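Note that the structure is predicted; figures quoted are calculated from it, not measured. Note that these values count all heavy atoms, side chains included, but never hydrogens, waters or copies made by symmetry.
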Amino acid sequence: MAKKYIDIMDTTFRDGFQSVFGGRVLMNDFFPAVQAAKEAGINHFEFGGGARFQSLFFYLQENAFDMMDKFREIVGPDANLQTLARGINTVMLDTGSRELIDLHAKLFAKHGTTTIRNFDALNDVQNLEYSAQCIKNHGLKHEAVVTLMDLPPNCTGAHDVPFYEKTLRNILDSGLPFDSICFKDASGTSSPNKVFETIKMARKLLGESTHIRLHTHETAGVSVACYLAALEAGADGIDLAASPVSGGTSQPDILTMLHATKGMNYDLGGLEINKILKYEEVLADCLKDYFLPPEATQVSPLIPFSPMPGGALTANTQMMRDNGTLNKFPEVIKAMQEVVEKGGFGTSVTPVSQFYWQQAYANVMFGPWKQIAPGYGRMVLGYFGKTPVEPDKEIIELAAQKLKLEPTSQNPLDIADADPKKRIDVWKQRLEIEGIETSEENIFIAAACDEKGIAYLKGNGPLNVRKNCTNEVKETKQKGENKMANGNYTVVVDGQRFNVSVFEGDVQNIQVAQPVQQVAQPVVQTPAPVQTAPVAAAKPVYNGTEVPAAVNGNVWKILVKEGDRVEKDQQIMILEAMKMEIDILAPVSGTISKILTEPSKAVEEGQVLAVIA
C-alpha cells in the first residue's frame with residue numbers, strides 16, 4: 001500500500017524568519033538558502049506577507065515586492081509560493097478599505113504569489129468574505145483559515161471543537177470561495193487531542209476531496225504531537241521549517257518530522273534526509289552572523305496559560321531590547337492571561353496578539369488598566385468585528401471613556417471605507433506632494449506602512465539588523481568594501497553584547513552604545529577600546545514641575561507649545577513604544593515653560609520632556 005502523500009510547506013523564509021529574528025533578515029543574505037531548498041526538492045514555500053511585509057520597509061529598507069520577484073526567479077514558475085493575509089487587514093495592522101484589500105490581491109498576484117492563506121483573528125467569517133473574493137478574482141488560490149488556541153485555565157465559551165465546527169460551518173454557509181482549509185495555531189497552545197478531534201470533525205464535514213492542513217508552533221512544546229494527531233485524523237498538509245529557524249518559537253524542523261514519522265504510512269513531501277541536511281547547512285551558513293535571541297530557541301511553559309504567538313514573541317522582545325525593558329518580559333507574559341480573559345477570546349494571532357501584548361505591557365508599566373492600548377480598546381468596542389464572546393463590560397466602558405469612542409456593530413469594512421486615510425486617491429496625492437512615483441506598489445506601501453512607508457520611499461528609513469561580531473564589526477555588504485549599511489547592530493565583544501549605530505556607511509565612524517541593558521552611549525573611534533564607564537553629565541535643574549517620559553520610546557506628537565496654559569491631566573504629548581501610543585499628561589495645572597524634545601526623537605524612561613511653571 002502506497003504511503004499517503006503529505007504536502008509540506010517550508011515556512012523558513014516567512015514565519016521562520018519572523019518567529020526567530022522578528023522578520024529582520026536581508027534578502028541577499030538568505031537567497032542562497034532558497035536555491036538550496038529548491039535543490040533539496042522543496043516546491044511549496046511561505047515566502048511573504050504577514051509581518052514579513054511591513055518588516056522589510058520598517059527595519060531592512062528593502063522592497064517586499066522586489067524580494068518576492070527575486071524569490072520567484074530562484075524557485076521557478078512551478079513552485080507554490082504562499083503568503084499570509086489577515087482578512088480585512090491583509091498585511092496591515094489596521095482594517096483596510098475595500099479598494100486597498102483588492103489592491104493587495106492584485107499586487108501579490110503580480111509579484112509571484114500562488115496561494116494566499118487568509119485568516120481572521122476573531123474567527124468572524126464576515127471579515128473573510130470580501131478578501132476571499134478579491135483573492136479569487138485575481139487568479140490566486142485561497143486558503144481559508146480557522147484560527148486556534150487554548151484558553152487560559154478555567155475559561156470557557158470559545159476555542160473548543162464545537163466552536164471550531166461553528167466557525168467552519170459559517171465559512172461554508174457564507175459561500176466564500178476557497179481551495180483549501182487551514183487550522184492555524186499561531187501560539188502553539190492547542191492540545192494534541194483537541195487538534196485530533198478538530199481535524200476529524202473537519203474531515204467529516206468537508207469530505208475527502210478538500211485539502212486540510214494544520215499550522216502550529218513549537219512555543220508550548222507540543223507541536224510534533226499535534227502534527228502527528230492531525231495526520232492521524234486525516235490532515236493532508238503541515239508546515240515545517242529548517243534549522244536554525246525551526247523549533248522554539250517557530251515550526252518544528254523538517255528533519256524532526258521526518259524522524260517522528262519513521263515507520264508510519266506518510267510520505268512527507270517526498271523529502272529525503274540527506275538533501276535536507278545539505279539545505280540546512282547552507283541556511284545555517286547564510287544566517288551565521290545574525291544574533292539569535294535566546295527566547296527564540298526555547299519552549300515556554302507559560303505560553304499555554306498566556307498564549308503568545310511565536311511570530312510575535314521575538315518581535316516584541318526585540319522591541320523590549322530596544323526600549324531597555326526586556327527585564328519586564330516575564331511580567332508582561334503573566335499579565336496577558338487577564339487581558340485575554342477580558343478581551344473576548346479573540347485568537348492570539350496578529351493583529352489581536354499585538355493588541356493583547358500592548359495591553360499587558362501597559363498594565364505592567366503603568367498599573368492595571370490605567371491606560372487602554374488603542375488596538376485593544378477598539379477591538380473590545382467592536383471596530384474589528386465580533387469577538388468570539390462578549391468582552392468584559394467594565395473594560396468596554398473603560399475603553400469607550402479612554403478612547404472617546406462608542407461601541408459599534410457596524411461592518412469594519414464600511415468604517416474603513418469612510419476613513420479618508422484608507423483611500424487610494426488620498427495616498428496618491430500624498431506621494432505626489434512628496435515627489436514620489438505614484439505606482440500602485442508605492443501607493444500600497446504608503447497605505448500599509450503609513451509614515452514609515454513614506455520614509456522608506458524617500459530613502460530616509462533606518463536600517464535595524466542585529467548581527468553578531470567578535471572583536472570587530474562585520475560588514476553587511478560584499479567582501480572587500482570598507483562600508484556598512486546605516487543602521488543599528490548588536491555586536492559581541494569579549495562575550496559582552498553592545499548596540500552599534502552605524503552612519504555614513506564608514507566602518508571607522510560608528511557610535512557604540514553600552515551593553516544592551518545599559519543606557520549611556522559614549523562615542524568611540526574604532527579601533528580604540530570601547531568605553532564602559534563614561535562620566536555621567538550633571539542633571540539639569542529646572543524651575544517648575546518636570547514632565548517625565550513614562551517609558552522608553554519615540555515622541556510621536558507634541559500637542560502643546562511653550563507658553564500654552566494646560567490643566568492637570570491634560571494630554572500634552574504622545575509617545576510611541578511597542579507599537580502603541582502612550583499618553584503624556586500634565587501632572588499639574590500651569591504654563592508650559594519649556595519643551596525639551598521634538599517629534600520622532602527617542603526618549604528614555606524618566607527623561608524630562610517638558611516643564612510646567
Trainee: Is the closest side-chain heavy-atom distance between Val566 and Ile572 below 4.5 Å?
Mentor: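 Answer yes - side chains close enough.
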Trainee: How far does CG of Asn170 sit from CG of Asp124, to the nearest 0.5 angstrom?
Mentor: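 Answer for the CG-CG pair, Asn170 versus Asp124, is 9.0 Å.
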Trainee: Can a salt bridge be assigned to the pair Glu397 and Lys393 using a cut-off of 4.0 Å between side-chain N and carboxylate O?
Mentor: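 The answer is no: the pair does not qualify as a salt bridge.
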Trainee: So do Lys557 and Met573 actually touch side chain to side chain, heavy atoms under 4.5 Å?
Mentor: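 Sidechains of Lys557 and Met573: no contact.
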Trainee: Can you find a side-chain donor-acceptor pair between Asn118 and His142 that sits under 3.5 Å?
Mentor: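 Yes, because at least one side-chain N or O of Asn118 sits under 3.5 Å from a partner of the opposite role on His142.
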Trainee: Looking only at side chains, do Thr11 and Asp239 share a donor and an acceptor under 3.5 Å apart?
Mentor: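 There is no such pair between these side chains.
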Trainee: Can you list everything that forms a side chain to side chain contact (heavy atoms under 4.5 Å, CB included) with Ser246? Sequence neighbours excluded, please.
Mentor: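 Ser246: side chain to side chain contact (heavy atoms under 4.5 Å, CB included) contacts with Ala241, Ser243, Asp253.
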Trainee: Report yes or no: does Arg52 contribute a side-chain atom to a donor-acceptor pair with the main-chain N or O of Gly23 at less than 3.5 Å?
Mentor: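 Checking the backbone N and O of Gly23 against the side chain of Arg52, a donor-acceptor pair under 3.5 Å is found.
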Trainee: State, to 0.1 Å, how close Thr249 and Ser19 come at their nearest heavy-atom pair, and which atoms those are.
Mentor: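 Nearest heavy atoms, Thr249 then Ser19: OG1-O, 2.6 Å.
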Trainee: Identify the heavy atoms of Val603 and Ala549 that sit nearest to each other, and give their distance.
Mentor: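 In terms of heavy atoms, the two residues are closest at CG2-CB, 4.1 Å.
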Trainee: How about Leu398 and Ile372: do any of their side-chain heavy atoms sit closer than 4.5 Å?
Mentor: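 Yes, at least one pair of side-chain atoms sits under 4.5 Å.
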Trainee: If we check side chain to side chain contact (heavy atoms under 4.5 Å, CB included) with Ile395, which of these qualifies: Glu338, Glu341, Lys342?
Mentor: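 Going through Glu338, Glu341, Lys342 one by one, the side chain to side chain contact (heavy atoms under 4.5 Å, CB included) with Ile395 is satisfied by Lys342 alone.
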Trainee: Are Ile333 and Trp357 close enough, and set up right, to give a side chain to side chain contact (heavy atoms under 4.5 Å, CB included), and what steps lead you there?
Mentor: CA-CA 8 Å; Ile333 285 291; Trp357 176 269; 3.9 Å; yes
Trainee: Give me the atom names and distance for the closest heavy-atom approach of Gly49 to Val91.
Mentor: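 It is CA-CG1, 3.8 Å.
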Trainee: NZ of Lys184 to OG of Ser190: how many Å apart, nearest 0.5 Å?
Mentor: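 So the gap between those two atoms works out to 12.0 Å.
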Trainee: For residues Phe58 and Tyr456, establish whether the separation of their ring centroids is below 6.0 Å.
Mentor: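 When the ring centroids of Phe58 and Tyr456 are compared, they turn out to be at least 6.0 Å apart.
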Trainee: I need the minimum non-hydrogen distance between Asp120 and Asn127, along with the two atoms involved.
Mentor: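 Distance-wise, the nearest heavy atoms are OD1-ND2, 3.1 Å.
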Trainee: Rounded to the nearest 0.5 Å, what separates atom CG in Leu84 from atom CZ in Phe119?
Mentor: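 Taking CG in Leu84 and CZ in Phe119, the distance rounds to 5.0 Å.
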Trainee: Can Ser187 and Asp185 be counted as having a side-chain donor-acceptor contact under 3.5 angstrom?
Mentor: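 Ser187 vs Asp185: donor-acceptor pair found between side chains.
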Trainee: Side chains of residues 408-421: which donor-acceptor partners sit under 3.5 Å, not counting sequence neighbours?
Mentor:
| residue | atom | partner | partner atom | Å |
| --- | --- | --- | --- | --- |
| Thr408 | OG1 | Gln410 | N | 3.0 |
| Asn411 | OD1 | Leu413 | N | 2.9 |
| Asp414 | OD1 | Arg98 | NH1 | 3.1 |
| Asp414 | OD1 | Arg98 | NH2 | 3.3 |
| Asp417 | OD1 | Arg98 | N | 2.9 |
| Asp417 | OD2 | Arg98 | NH1 | 2.5 |
| Asp419 | OD1 | Lys421 | N | 3.0 |
| Lys421 | NZ | Asp450 | OD1 | 3.2 |
| Lys421 | NZ | Asp450 | OD2 | 3.3 |

Trainee: Less than 4.5 Å apart, side chain to side chain, heavy atoms only: is that true for Ser223 and Thr216?
Mentor: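 Counting from C-beta outward, Ser223 and Thr216 do come under 4.5 Å.
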Trainee: Hey, is the main chain of Gly247 close enough, under 3.5 Å, to the side chain of Ser250 for a donor-acceptor pair?
Mentor: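 Judged by distance alone, no pair lies under 3.5 Å.
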Trainee: Using a 4.5 Å cut-off on heavy atoms from C-beta on, say whether the side chain of Ile101 contacts that of Thr90.
Mentor: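 Side-chain contact under 4.5 Å: yes.
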Trainee: Between Asp564 and Lys561 (side chain of the first, backbone of the second, donor and acceptor by atom type, cut-off under 3.5 Å), is there such a pair?
Mentor: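 Checked: pair present.
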Trainee: So, do Val611 and Thr545 sit near enough that their side-chain heavy atoms are less than 4.5 Å apart?
Mentor: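 Result no, sub-4.5 Å side-chain heavy-atom pair not found.
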Trainee: Let me check something: any side-chain donor-acceptor pairs from residues 150-162 under 3.5 Å, sequence neighbours excluded? List them with distances.
Mentor:
| residue | atom | partner | partner atom | Å |
| --- | --- | --- | --- | --- |
| Asp150 | OD1 | Lys194 | NZ | 2.6 |
| His159 | ND1 | Tyr164 | OH | 2.8 |
| His159 | NE2 | Phe345 | O | 3.1 |
| Asp160 | OD1 | Phe163 | N | 3.0 |

Trainee: Hey, does the side chain of Ser589 reach the backbone of Lys568 with a donor-acceptor pair shorter than 3.5 angstrom?
Mentor: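 Yes.
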Trainee: Less than 6.0 angstrom from the centroid, inside 45 degrees of the normal: does Arg14 satisfy that with respect to the ring of Phe47?
Mentor: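 Here Arg14 fails the 6.0 Å and 45° test against Phe47.
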Trainee: Quick one, Arg378 with Phe384, criterion side chain to side chain contact (heavy atoms under 4.5 Å, CB included). Give me CA distance, side-chain angles, the key distance, then yes/no.
Mentor: CA-CA 7 Å; Arg378 293 178 65 209; Phe384 298 111; 3.7 Å; yes
Trainee: Is there a donor-acceptor pair closer than 3.5 Å between any side-chain N or O of Tyr356 and the backbone N or O of Gly346?
Mentor: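 Looks like yes, one N/O pair under 3.5 Å.
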Trainee: Check Gly344 against Thr387 and note the closest heavy-atom contact, atom names and distance.
Mentor: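 Where Gly344 meets Thr387 most closely, the heavy atoms are O-CB, 3.7 Å.
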Trainee: Within this structure, what is the CG-CG distance for the pair Leu148 and Leu214, rounded to the nearest 0.5 Å?
Mentor: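 It comes to 7.0 Å.
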Trainee: Look only at the side chain of Arg117 and the backbone of Glu143, and say whether a donor-acceptor pair between them is shorter than 3.5 Å.
Mentor: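 Flag not set: sc Arg117 to bb Glu143 has no pair under 3.5 Å.
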Trainee: Give, for atom CD of Glu129 and atom OG of Ser174, the distance between the pair rounded to the nearest 0.5 Å.
Mentor: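 One finds 4.5 Å between CD of Glu129 and OG of Ser174.
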Trainee: Between Lys402 and Asp583, does any side-chain N to carboxylate O distance fall below 4.0 Å?
Mentor: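 A salt bridge is absent here (no side-chain N lies under 4.0 Å from a carboxylate O).
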Trainee: Roughly how far apart are Leu403 CG and Tyr383 OH, rounded to 0.5 Å?
Mentor: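 Between Leu403 CG and Tyr383 OH, I get 9.0 Å after rounding to 0.5 Å.
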Trainee: Regarding Thr147 and Thr347, is there a side-chain donor-to-acceptor distance under 3.5 Å anywhere?
Mentor: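 A pair is found: one side chain offers a donor N or O, the other an acceptor, under 3.5 Å apart.
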Trainee: Relative to each other, are the rings of Phe444 and His104 parallel, tilted or perpendicular (30° and 60° limits)?
Mentor: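 Plane angle between 30° and 60°, so tilted.
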Trainee: Taking all heavy atoms of Ala447 and all of Leu100, pick out the closest pair and write down the distance.
Mentor: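 That closest heavy-atom pairing would be CB-CD2, 3.8 Å.
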Trainee: Run the side chain to side chain donor-acceptor pair (under 3.5 Å) check on Gln251 and Asp15 step by step: do they pass?
Mentor: CA-CA 8 Å; Gln251 281 70 59; Asp15 208 349; 3.3 Å; yes
Trainee: Does Tyr376 reach the main-chain N or O of Gly343 with its side chain, forming a donor-acceptor pair under 3.5 Å?
Mentor: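 Checking the backbone N and O of Gly343 against the side chain of Tyr376, a donor-acceptor pair under 3.5 Å is found.
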Trainee: Determine, for Arg430 against Glu451, whether the closest basic-nitrogen to carboxylate-oxygen distance falls under 4.0 angstrom.
Mentor: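 A salt bridge links Arg430 with Glu451.
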Trainee: Under the 3.5 angstrom rule, does the side chain of Gln61 hit a backbone N or O of Leu56 as a donor-acceptor pair?
Mentor: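 Answer holds: no.
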Trainee: Would a 4.5 Å heavy-atom cut-off, applied to side chains only, mark Pro351 and Arg86 as touching?
Mentor: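 Touching, per the 4.5 Å side-chain cut-off.
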Trainee: Between Thr297 and Leu292, is a side chain to side chain contact (heavy atoms under 4.5 Å, CB included) present by the stated rule, with each step listed?
Mentor: CA-CA 8 Å; Thr297 65; Leu292 186 67; 3.6 Å; yes
Trainee: Would you say Lys452 and Phe57 make side-chain contact, with heavy atoms under 4.5 Å?
Mentor: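 Contact flag for Lys452/Phe57 side chains = no.
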Trainee: Using the side chain to side chain contact (heavy atoms under 4.5 Å, CB included) rule, take Val560 and Gln571 through it: C-alpha gap first, then chi angles, then the decisive distance, then the call.
Mentor: CA-CA 9 Å; Val560 295; Gln571 186 183 38; over 6 Å; no
Trainee: Please check: side-chain N/O of Gln359 versus main-chain N/O of Ala373, any donor-acceptor pairing under 3.5 Å?
Mentor: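 Checking the backbone N and O of Ala373 against the side chain of Gln359, a donor-acceptor pair under 3.5 Å is found.
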Trainee: Quick check against the 3.5 Å criterion: does Asn123 have a side-chain atom that pairs as donor or acceptor with the backbone of Val146?
Mentor: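 Not at all, since once roles are kept as given, no pair shorter than 3.5 Å links the two residues.
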